[in-house]
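Quick caveat: nothing in here was measured; it's all calculated off a predicted structure.
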Amino acid sequence: RLTRPGMWAGFAVGVAVIIGNPKAILFYATILPGFFDLTLLTWPDVALICAMSAGIPLVGNLLLCWFIGRARAVLSSPAAIRRVNLTAGCLLIAVGLAIPFL
């Protein structure tokens with residue numbers, strides 16, 4: 001069901017990925033509370049923290065989606081793909097040649 005096209009299927013997959021991310025779980029359960037004095041937090045503070053914890057990654061993911069869409073548009077021609085492949089190949093060869101000297 002999660003692979004079918006549509007907004008809600010994509011949203012459900014995104015939520016499942018975020019909930020299953022161990023780095024996010026560790027951050028929100030262990031590190032984030034250390035930034036606040038939990039004895040002084042009020043409900044508006046908690047609401048603001050939750051909104052910012054959701055909003056900032058949302059903006060970052062939307063920007064990432066926008067950049068990926070732009071990259072897809074730029075790389076839609078065979079000539080652009082050829083240039084990217086040649087550049088990547090040359091860089092891989094250069095790294096392979098540099099590894100013995102580092």
Side-chain angles (χ1 to χ4, degrees):
R1 284 179 31 186
L2 296 178
T3 59
R4 68 175 188 247
M7 182 178 66
W8 290 111
F11 179 76
V13 169
V15 169
V17 167
I18 295 301
I19 289 174
N21 183 356
K23 291 182 288 186
I25 293 168
L26 286 173
F27 174 76
Y28 288 112
T30 61
I31 297 173
L32 184 64
F35 290 110
F36 305 102
D37 184 359
L38 300 179
T39 60
L40 299 176
L41 285 180
T42 62
W43 284 109
D45 296 331
V46 173
L48 180 63
I49 292 168
C50 289
M52 290 183 69
S53 295
I56 291 171
L58 174 68
V59 170
N61 287 336
L62 289 175
L63 285 172
L64 180 63
C65 290
W66 182 75
F67 282 121
I68 289 172
R70 296 287 300 155
R72 181 181 286 178
V74 168
L75 296 175
S76 61
S77 73
I81 293 173
R82 178 170 161 58
R83 279 194 306 270
V84 168
N85 286 337
L86 286 173
T87 302
C90 290
L91 289 172
L92 286 170
I93 291 170
V95 168
L97 293 173
I99 285 176
F101 302 108
L102 298 176

Taking atom CD1 of Ile68 and atom CG of Leu63, what is their separation to the nearest 0.5 Å?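 Result: 11.0 Å between the selected atoms.
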
Output the distance between atom OG (Ser77) and atom CZ (Arg83), rounded to the nearest 0.5 Å.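 Nearest 0.5 Å value for the OG-CZ distance: 6.0 Å.
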
Counterpart residues, side chain to side chain contact (heavy atoms under 4.5 Å, CB included), relative to Asn61 (two or more places apart):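 In terms of side chain to side chain contact (heavy atoms under 4.5 Å, CB included), with neighbours along the sequence ignored, Asn61 is linked to no residue.
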
Could you list the residues that satisfy side chain to side chain contact (heavy atoms under 4.5 Å, CB included) with Ser76, not counting sequence neighbours?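 Side chain to side chain contact (heavy atoms under 4.5 Å, CB included) check on Ser76 returns nothing, list empty.
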
With sequence neighbours excluded, residues passing side chain to side chain donor-acceptor pair (under 3.5 Å) with Thr87: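 With neighbours one apart ignored, the set is empty.
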
List for me each residue that meets side chain to side chain donor-acceptor pair (under 3.5 Å) alongside Asn85, sequence neighbours excluded, and say none if there are none.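 Side chain to side chain donor-acceptor pair (under 3.5 Å) list for Asn85, sorted by chain: empty.
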
Show me, pair by pair, the donor-acceptor contacts under 3.5 angstrom made by side chains of residues 41-51, not counting sequence neighbours?
residue : atom : partner : partner atom : Å
Thr42   : OG1  : Asp45   : OD2          : 3.0
Asp45   : OD2  : Thr42   : N            : 3.1

For residues 27-35, dump all side-chain donor-acceptor pairs below 3.5 Å to protein atoms at least two apart in sequence or in another chain.
residue : atom : partner : partner atom : Å
Tyr28   : OH   : Ser53   : O            : 3.3
Thr30   : OG1  : Leu26   : O            : 2.3

Exactly one of Leu97, Ile99, Leu92, Ile93 should register a side chain to side chain contact (heavy atoms under 4.5 Å, CB included) with Val95. Which one does?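 With Val95 as partner, side chain to side chain contact (heavy atoms under 4.5 Å, CB included) holds for just one option, Ile99.
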
